Amino acid sequence: MEKFYVSLFFLSAMISNAQSFEEISQPNLKNYFYSAAAVADVDNDGSQDIFFTGAIDADGDTNVDTTSNSLYKNSNGTFSSVQEFGENSVHLSAVKFIDFDNDGLLDVITTGLSYNDIVNYQQYRFKNTGSGFTLMDNAAGKIYGGLDVFDFNHDGKQDYAINGTQYVEGLGFTHDLDLYLNNSAGFQKHAAWIQGTQNGSFKVIDINNDNELDLIVNGFNSDYEATFSVYINENGTLVKKSELPAVSNSQQAFADFNGDGFQDFVVSAQDENYDAYLSVFINDGQGKFTENKIEGEGLSDGGVEVGDLNNDGYYDFVVIGDDDNYNGYSKVFLYNPQLQKFEKDENANLYNLGSKGTVAIFDYDNDGNLDILANGFDWDDPDLLPYTKLFKNKTTVTNQKPDAPTILTATDNEGKIKFTWSGATDDKTPENSLKYELSVGSEAGKTDIAKYIVTTKSWYLDKMDLPSKIFWSVKSIDAAKKYSDKSQEKELAVLGVADVKNTTVSIYPNPVKDVLNVKSKSKIKTHKVYDLAGQSLNTELTSDSTIDFSRLEKGVYVVEIQFENGKKTTRKVIKN
C-alpha cells in the first residue's frame, strides 16, 4: 500500500508540472512588426484561417521596411499564405471579419498606415468572393485604436466602428470614435459618434441584457488624459453612465466569467501612473463593474483574449505585453470557479512576447482544445525582433459540443420581431455563460437577413425591411468556442402595419390557474404546449378559444397556437 501511495504522489507531481502548451512550427507565418490578426473560417471548410496585418523586414537587415498583409489558409493544421494585399496593406492596425452583404462569406475590414504613405492613414473593405478577397472601398483610416463589428440598429446588417488617431486637414490630429452603419448599398459614416481615444481599446456589447448594445472605451482622450468610460444605450443613444479606473495602452476582452449571465471583461493596460496593469471587471448586471486587480502581473501594450483553455467550462484568458521594466511576457490565467478568481498557470510554457503585437485563441487543429496564436517583440532578442508563434494546447480533458436551444419563440410587436430561446445545455459551460449564433433568412436554410453572435438568450430585429415570411434558428456556443448543431428552424409570418390592427391576440390570465383564454377574431385551429425542456404536453382544447391548464404542474410553459386564418402566435405562460 505504501509503495502504491508513493507512486500516486509522484504521478500527481508529474501531472501538475506538465506543460500546458507546446510550440508548433509554422514556417509560413511571417514575423510581423506592429501587427493585428483576425481568425475565422473564411472558406467554410471547417478550419480556422488567419488574416494578418503588420509590417515585415523584407530585406533581412533586422529593420522593418515593408507593410505586408496576408491571408493564411489552414490545411490540416498547416498555414500557408494564399493572398497578399500589396499596396492595400496596413500596420499599426486593426482587422475584423464582417459579412457586410449577408451572403454567407466573411468579408474583411482593416485600418492603419502604410510605409507607402505614412501621413494618410487608410481603411480598406475587402469582399470575399469565395475564391479570394477583392477591394471594395478605400477610405480614411485610423491608427493607435481599434475596430469592432456589431448590428447597432437591429436591421440584421452588420455595422462597425473605428477608434483611434486620424489626421484631418485644418483640424490636425483627432481622437474620434466613428460609426459606420450598413445600408446594404454601402456604409453611412457617423463621424465623432462618441468621444474617442488614442492608445486605447473599445467594445460594443450588451452590458445589462436589455438587447440594446452599450459601449466601453478607454485610452487617451483629446487632452491626452487617460480615461475609461461606460456608456449605456438609452433608446438608441449612448449615454455616459460611469467612469472606471483610467487606463491607456490597453486591450480588453469580454466573457461571462462567473456564470451569472452578464458580460464581464479583462483589461491589460497602463494605469494613470504608467504602471503595467491587469484587472478583471465583474458586471453586476446594471452596468456597474467591480475591479479585481491582479497584483504583480500587469502587462501593457500587448494583447489579451478569452476562451476555455482547460476544458472545465469556464472562460480563461491569455495576455501578452510589457511589464514595468519593459520586459515582454506571455501569461495564461485559469478561472477557479470554487474560489471565483483567476490563477496563473505556472506551467503554460509560452514564449515570452512583448508589446505592439496580437494574440488569438482558437482550435487550429480541430482536436477540441483551444490553442494560442501570439505575435510580438522579443525584448531578449539582441536585434529586438518580433516573432509569430503558435502554441498547441496539450490538455487531455475532453469537451463535448453544446446542445442547441429546444424552445424557440418569436413575437411580432411594436415594429419589432423579438426572438427568444431556451433549453440549451452543455457538459461543462454553465447555461448562463453560453453565447448564441442567431441566423435569419428569407427562405428555409438561408441566412441572408442576419447571422451573428449575441450574448443573451434573446434578440430582436426591426421589422421595417423584413419580408412577409422569415425563417430562423439558433446555435449555442460554449466557452471553448464549440458550436452546437443548428436548432429546429422556425417559420414566422411577419405582419404588415395594416395586418396588426386586424389580428390582435389576447391570451389571459397569465399567470393561469385552470383555463387559459385566447381572444382573437379567428378560431383556434391547433395548439401545442411545451415545457422548458421542449417536451410537448397533452392539453385539451376545451372550446374554440380556451385551453385546459388544470392538470399541469406549476411552472413556465410555451404555448404555440395556429389560427384558422393561417396566423400563428407563440407565448410564454406561467402556471400557478
Side-chain angles (χ1 to χ4, degrees), residues 21-39 49-72 79-81 84-86 89-95 110-116 118 121 143-147 164 199 201 249-251 268-270 276 299-305 318-332 348-362 364 371-392:
F21 294 89
E22 174 188 7
E23 184 177 338
I24 301 298
S25 175
Q26 293 287 340
N28 296 322
L29 293 178
K30 298 175 184 177
N31 293 320
Y32 289 96
F33 295 73
Y34 318 122
S35 72
V39 175
D49 310 301
I50 307 171
F51 196 113
F52 246 117
T53 62
I56 60 172
D57 169 22
D59 59 13
D61 67 352
T62 71
N63 294 312
V64 59
D65 50 47
T66 304
T67 306
S68 176
N69 295 179
S70 300
L71 172 67
Y72 292 93
F79 292 95
S80 58
S81 177
E84 301 287 337
F85 291 83
S89 298
V90 293
H91 66 273
L92 285 178
S93 50
V95 55
T110 66
T111 184
L113 66 80
S114 169
Y115 284 124
N116 295 323
I118 61 173
Y121 311 147
I143 62 173
Y144 298 129
L147 196 162
N199 296 91
S201 55
N249 293 313
S250 70
Q251 292 293 330
S268 173
Q270 284 182 337
L299 297 174
S300 70
D301 208 17
V304 62
E305 188 55 89
V318 59
V319 58
I320 66 170
D322 301 336
D323 67 5
D324 287 333
N325 297 315
Y326 292 94
N327 295 312
Y329 284 95
S330 303
K331 303 177 182 181
V332 170
N349 190 42
L350 301 183
Y351 193 97
N352 285 325
L353 296 170
S355 62
K356 308 301 182 187
T358 189
V359 63
I361 294 177
F362 65 109
Y364 88 94
D371 311 300
I372 297 174
L373 172 73
N375 168 269
F377 281 98
D378 178 4
W379 299 127
D380 289 333
D381 186 281
D383 295 316
L384 302 180
L385 291 175
Y387 292 95
T388 301
K389 302 286 186 179
L390 181 66
F391 302 97
K392 178 180 173 60

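Quantities reported herein were computed from a predicted structural model and do not represent experimental measurements.
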Verify side chain to side chain donor-acceptor pair (under 3.5 Å) between N375 and T388, making sure each step is shown before the conclusion.
CA-CA 4 Å; N375 168 269; T388 301; 2.8 Å; yes
Looking at every heavy atom in both A36 and S93, which two are closest together, and how far apart are they?
CB-O, 3.5 Å
Show your reasoning for whether side-chain contact (heavy atoms from CB on, under 4.5 Å) applies to K392 and F21.
CA-CA 5 Å; K392 178 180 173 60; F21 294 89; over 6 Å; no
Set out, in order, the CA-CA distance, both residues' side-chain angles and the distance that settles side-chain contact (heavy atoms from CB on, under 4.5 Å) for V64 and D57, then state yes or no.
CA-CA 4 Å; V64 59; D57 169 22; 5.6 Å; no
Nearest heavy-atom approach of T53 to N69 is CA-ND2, 3.2 Å
Hey, can you tell me if F51 and F85 have their rings parallel, tilted or perpendicular (30° and 60° cut-offs)?
tilted
Stepwise side chain to side chain donor-acceptor pair (under 3.5 Å) check, E84 with S70:
CA-CA 5 Å; E84 301 287 337; S70 300; 2.7 Å; yes
Tell me the closest heavy-atom pair linking N249 and Q270, and the distance in Å.
ND2-OE1, 2.8 Å
At their closest point, which heavy atom of K389 faces which heavy atom of L353, and how far apart are they?
CG-CD1, 4.1 Å
Decide side-chain contact (heavy atoms from CB on, under 4.5 Å) for F79 and N28; before the verdict, give the C-alpha distance in whole Å, the side-chain angles of both, and the deciding distance to 0.1 Å.
CA-CA 6 Å; F79 292 95; N28 296 322; 5.6 Å; no
In Å, rounded to the nearest 0.5 Å, how long is the span from CD1 of I361 to CD of E305?
5.5 Å
Here the pair of heavy atoms bringing S250 nearest to S201 is OG-OG, 3.0 Å
Measure the CG-OG distance between L92 and S35 for me, rounded to the nearest 0.5 Å.
10.0 Å
Those residues at least two apart in sequence (or on a different chain) that pass salt bridge (Lys or Arg N to Asp or Glu O under 4.0 Å) with D301 are K356
I372 vs V332 side-chain heavy atoms within contact, under 4.5 Å
yes
So OG of S330 and CD1 of I320: to nearest 0.5 Å the spacing works out to 5.5 Å
Mind checking whether Y364 and Q26 have side chains closer than 4.5 Å, heavy atoms only?
yes
Between F377 and F33, does the ring centroid distance fall short of 6.0 Å?
yes
Looking at V319 and S268, what are the two nearest heavy atoms and their distance?
CG2-OG, 3.5 Å
In terms of heavy-atom contacts, does CD1 of I118 have more than 12 from other residues, nucleotides or ligands at under 6.0 Å?
no
Holding to side-chain hydrogen bond (donor to acceptor under 3.5 Å, both in side chains), I want the full list of residues that pass it with N327, two or more places apart in sequence or in another chain.
none
Just verifying a value: how many Å separate S81 OG and I50 CD1, rounded to the nearest 0.5 Å?
11.0 Å
Side-chain contact, heavy-atom cut-off 4.5 Å: I24 with F391?
no
May I ask you to check if K331 and Y329 form a cation-pi contact, with NZ or CZ under 6.0 angstrom from the six-membered ring centre and within 45° of the axis?
yes
Considering residues, nucleotides and ligands other than Y115, do more than 12 of their heavy atoms fall under 6.0 Å from its OH?
yes
How about W379 and D322: does a side-chain donor come under 3.5 Å of a side-chain acceptor?
yes
Who are the salt bridge (Lys or Arg N to Asp or Glu O under 4.0 Å) partners of E22, not counting sequence neighbours?
none
Side-chain touch D65/D59, heavy atoms, less than 4.5 angstrom
yes
Separation between CG (D380) and CG (L385), nearest 0.5 Å, reads 12.5 Å
What do you reckon, is CZ of F362 surrounded by more than 12 foreign heavy atoms closer than 6.0 Å?
yes
If you measure from OG on S68 to NZ on K30, what distance do you get to the nearest 0.5 Å?
3.0 Å
Would you indicate whether the side-chain heavy atoms of L384 and T62 approach each other to under 4.5 Å?
no
